[in-house]
Amino acid sequence: MSSFLGGAGVGSYQPQTLSERKAGPWDADQPGFDIKGHEMQFVELRLGPGDACVAEAGAMMFKDAPVSMETIFGDGASPDEGLLGKLWRGAKRALSGSTLFMTRFANYGGGLARVAFAAPYPGKLLALRLADYGG
C-alpha cells in the first residue's frame, strides 16, 4: 500500500494529487490522501475521475459508489509484461505470504470519490516520499 503514499512524515507532506502531477497547497477538494485515526490508523484516498489504485485483498475499509473494484492477476504495474512475467511476480508475492491476486480500485465517476484502506492489526502509518529512498 505504501507505493501510492508520499511525504517526509505524517502530516508534514500531503500531495495535491496521488501522482503529484501538480504542485501547490494541499486541498481537501483535490485528489490526495489523509491518514486518520490513532491506534488503528487508516488511509483515505481521494481519487479523481480516471484515477486508480491497487491494494491487497482484505485491506479496503470503505469506498464511495463511483469506485469500482476488480480482481487482477499480479499487481497491475506492467500490464504488457505477459503471462510468464505475471506468474513470476505472483510467485514472489506468494513466497512472501501474500496472494497472487490484487484488487484494483478505479474511479469511473465524474468527480472525486473516496476509498479507504487499513491494516488488520494496530500500527502507525507513515507517509514517505519514495523518491527520497531510491524510488
Side-chain angles (χ1 to χ4, degrees):
M1 196 163 71
S2 63
S3 64
F4 57 77
L5 299 179
V10 174
S12 65
Y13 175 77
Q14 294 177 323
Q16 188 171 1
T17 66
L18 294 177
S19 61
E20 299 182 298
R21 292 180 294 241
K22 301 176 186 173
W26 175 78
D27 185 354
D29 295 329
Q30 294 294 318
F33 70 93
D34 291 316
I35 295 174
K36 297 183 177 185
H38 298 284
E39 287 78 25
M40 292 291 289
Q41 290 184 320
F42 67 95
V43 62
E44 180 183 300
L45 300 178
R46 293 180 307 280
L47 300 175
D51 284 345
C53 64
V54 175
E56 290 186 7
M60 184 193 72
M61 269 181 69
F62 65 86
K63 70 176 191 68
D64 287 341
V67 176
S68 72
M69 296 171 42
E70 66 177 318
T71 301
I72 59 174
F73 184 71
D75 59 8
S78 301
D80 58 343
E81 71 183 336
L83 182 61
L84 289 178
K86 290 179 182 181
L87 283 172
W88 174 246
R89 291 174 72 116
K92 289 192 294 187
R93 274 198 317 280
L95 288 172
S96 67
S98 194
T99 65
L100 292 173
F101 298 95
M102 301 288 277
T103 306
R104 181 176 184 269
F105 298 87
N107 179 4
Y108 290 112
L112 287 179
R114 300 174 307 146
V115 61
F117 303 100
Y121 43 82
K124 183 86 171 162
L125 293 174
L126 298 176
L128 301 174
R129 183 184 305 229
L130 297 179
D132 295 344
Y133 298 93

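Once rounded to the nearest 0.5 Å, the distance linking CD1 of Ile72 with OG1 of Thr103 reads 8.0 Å. Separation of atoms NZ (Lys63) and CG (Leu45) is listed at 13.5 Å; rounding is to 0.5 Å. The line from NE2 of His38 to NZ of Lys36 is 12.0 Å long, rounded to the nearest 0.5 Å.
Scanning both residues, Met60 and Phe105, for their nearest heavy atoms gives SD-CE2, 3.5 Å. In terms of heavy atoms, Tyr121 sits closest to Met40 at C-SD, 3.9 Å. Contact detail for Asn107 and Pro49: the closest heavy-atom pair is ND2-N, 3.6 Å. Pairing each heavy atom of Ala113 with each of Val67, the nearest pair is CB-CG2, 3.5 Å. Shortest non-hydrogen contact noted between Tyr133 and Leu128 is OH-CD2, 4.0 Å. The two residues Met61 and Ala118 make their nearest non-hydrogen contact at SD-CB, 3.6 Å.
Between the side chain of Asp64 and the main chain of Arg114, a donor-acceptor pair closer than 3.5 Å is present.
Using a 4.0 Å cut-off between a side-chain N of Lys or Arg and a carboxylate O of Asp or Glu, Asp34 and Arg46 qualify as a salt bridge.
Looking only at side-chain heavy atoms (C-beta outward), Met69 and Arg104 stay at 4.5 Å or farther from each other. Between Glu56 and Phe117 there is no side-chain heavy-atom pair separated by less than 4.5 Å.
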